[in-house]
Amino acid sequence: MTAPASPLIDPDVALQRLLAAASPISETETLPLSSALGRVLAQEVRSTIDVPPADNTAMDGYALRSAEVSAAGTCLPVSQRIPAGSVPQPLQPGTAARIFTGGLIPPGADAVVMQEQCVVEGDVVRINAQPKAGDWVRRRGLDVAAGSVVLAAGQRLRPQDLGLAASVGVASLRVRRKPRVAMLFTGDELAMPGEPLRPGAIYNSNRFVIRALLETAGCEVTDFGIVPDQLEATRAVLRQAALGHDLVVSTGGMSVGEEDHVKPAVQAEGALDLWQIAMKPGKPLAFGHLRRGEEQGEAAFIGLPGNPVSSFVTFLLFVRPFLLALQGAGQTAVQTLPVRAAFDWPKPDRRREYLRVRLNAQGEAELFASQNSAVLTSTVWADGLVDNPPQRPIARGDVLRYLPFSMLLQG
């Protein structure tokens with residue numbers, strides 16, 4: 001008698017369970033700013049200085065006392081010139097100072113009039129606008145106050161984050177070490193590009209997609225290659241992959257056919273904590289752990305489906321946030337954006353669907369013609385996914401939940 005099938009797991013529940021099992025990497029390293037892009041900050045950064053460190057001008061123009069310009073057309077002698085980087089003298093009463101963007105406001109001045117509102121006549125400037133105190137003056141600490149937190153622990157470092165650290169004089173940052181990830185691919189039908197394609201074989205596109213996704217996510221990757229469709233061979237590679245790695249990622253072999261050996265191999269070398277997700281594409285996704293022999297601890301395991309679209313989508317939705325959680329990132333989720341449908345989808349699946357779409361010139365989502373999980377061209381044509389609830393038909397003009405690849409493919 002065949003045992004009843006286990007119920008499929010809701011994708012949100014599955015993701016919560018993965019994230020709950022992710023133990024942040026404890027090892028850290030200190031890197032110069034030039035090497036820290038994409039890494040996750042291990043400790044907060046506080047500024048020891050005000051930024052800017054002194055009042056300065058936001059415009060080229062003339063610094064003056066606003067009270068001395070009672071009306072437009074007032075003329076003042078120019079008493080000094082203040083380029084950025086120089087230290088000004090106190091402003092003499094009844095005069096103006098020529099000043100350039102970023103230049104320090106001289107003591108005694110309280111406003112700047114932009115040069116477009118001034119006319120120079122020899123050593124005198126005619127002010128053709130009546131200023132107010134504070135005009136075009138960037139106050140000390142306007143951007144950052146000394147003692148404030150400028151970058152929080154758990155921040156995945158972007159170019160602008162590195163710039164902010166530099167602006168407060170920080171030269172290096174403490175970050176989590178990179179996740180160490182082993183990847184392997186199952187299937188006797190797999191061939192490598194450049195090899196003759198024998199009858200019944202297909203080229204292994206997953207090997208290149210998954211490696212690129214792991215590297216984009218900031219991982220150190222070990223490639224264990226193509227594993228034969230044999231239980232003992234699969235177990236042997238999993239044992240080796242678990243050593244020295246935080247995560248082992250496989251593709252294929254997660255279904256229930258006689259040639260699908262990854263599931264029983266993982267159960268023999270560790271345990272499966274969840275399997276089969278109520279989503280399309282991507283149902284065979286699995287999560288568990290592998291023992292490390294005599295080493296302490298375990299390696300996490302995520303088994304991706306073999307179909308190329310399924311492995312791509314499940315990586316973005318599950319592996320990416322898991323890797324961020326391993327690095328102690330404070331934000332792992334990508335928020336959906338509301339867009340309108342430029343298509344009809346009258347026969348939805350009973351599972352949650354992730355449809356490949358592209359935004360048109362009107363900002364509406366167009367659907368790729370084939371949503372088959374083997375059609376990798378859909379991922380190249382598309383610029384994102386529509387997250388469609390189970391059994392929900394879509395009519396043109398409906399508001400959809402859109403996940404742009406530009407956000408899902410960020411580290």
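Because the structure is predicted, anything quoted here is derived from the model rather than measured. Reckoned from all heavy atoms, side chains included, excluding hydrogens, waters and symmetry mates.
- Around atom CH2 of W136, no more than 12 heavy atoms belonging to other residues, nucleotides or ligands sit under 6.0 Å away.
- Across R352 and P390, no two heavy atoms sit closer than the pair N-CG, 3.8 Å.
- Using a 3.5 Å distance cut-off with no hydrogens or angles, the side chains of R356 and S378 do pair a donor with an acceptor.
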Any chance you could lay out the side-chain hydrogen bond (donor to acceptor under 3.5 Å, both in side chains) test for R176 and T28, step after step, and finish with the verdict? CA-CA 4 Å; R176 306 266 184 176; T28 63; over 6 Å; no

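- Side-chain contact check for T336 and D387: no donor-acceptor pair (N or O, by modelled atom type) lies under 3.5 Å.
- The heavy-atom pair separating S23 from L326 by the smallest distance is O-CD2, 3.5 Å.
- When all heavy atoms of P305 and T251 are compared, the pair lying nearest together is O-CB, 3.8 Å.
- The side-chain hydrogen bond (donor to acceptor under 3.5 Å, both in side chains) analysis of residues 106-121, with sequence neighbours excluded, yields the pairs S66-D110, R98-Q115, E121-R126.
- Between R239 and E269 there is a salt bridge, since a side-chain N of the basic residue sits under 4.0 Å from a carboxylate O of the acidic one.
- Taking every heavy atom of both residues into account, A63 and L91 meet most closely at O-CD2, 4.1 Å.
- Counting non-hydrogen atoms of other residues, nucleotides and ligands closer than 6.0 Å to CG of D123 gives a total of 12 or fewer.
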Going through the checks in order, is the side-chain contact (heavy atoms from CB on, under 4.5 Å) test met by L157 and L151? CA-CA 9 Å; L157 294 166; L151 294 172; 4.2 Å; yes

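- D229 places no side-chain N or O within donor-acceptor distance of the main-chain N or O of H261, the cut-off being under 3.5 Å.
- Taking the six-membered ring for Trp and the full ring otherwise, the centers of F318 and F287 sit at least 6.0 Å from each other.
- In this structure, V309 and P281 approach most closely via the heavy-atom pair CG1-CG, 4.1 Å.
- Between D143 and R138 there is no salt bridge, since none of the side-chain N atoms of the basic residue sits less than 4.0 Å from a carboxylate O of the acidic one.
- For the pair K283 and L8, the tightest heavy-atom approach, listed with the atom from each and the gap, is CE-CD2, 3.8 Å.
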Walk me through whether I9 and L285 qualify under side-chain contact (heavy atoms from CB on, under 4.5 Å). CA-CA 10 Å; I9 302 170; L285 180 84; over 6 Å; no

Stepwise side-chain contact (heavy atoms from CB on, under 4.5 Å) test for L18 and I302: CA-CA 9 Å; L18 260 72; I302 299 179; 4.0 Å; yes

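- Between F208 and Y203, the gap from one ring centroid to the other reaches at least 6.0 Å.
- For E215, the CD atom sits in a packed shell: over 12 heavy atoms of surrounding residues, nucleotides or ligands are nearer than 6.0 Å.
- Between D246 and R177 a salt bridge is recorded (basic side-chain N to carboxylate O distance below 4.0 Å).
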Would you check, one step at a time, whether the test side-chain contact (heavy atoms from CB on, under 4.5 Å) holds for L317 with L15? CA-CA 8 Å; L317 298 178; L15 180 58; over 6 Å; no

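- Ion pairing of D55 with R139 is present here, as a side-chain N (NZ or NE/NH1/NH2) and a carboxylate O approach within less than 4.0 Å.
- Side-chain N or O atoms of N206 include none that pairs as donor or acceptor with a backbone N or O of I210 at under 3.5 Å.
- At most 12 heavy atoms of other shown residues, nucleotides or ligands fall within 6.0 angstrom of atom CZ in R350.
- D344 places a side-chain N or O within donor-acceptor distance of the main-chain N or O of R396, the cut-off being under 3.5 Å.
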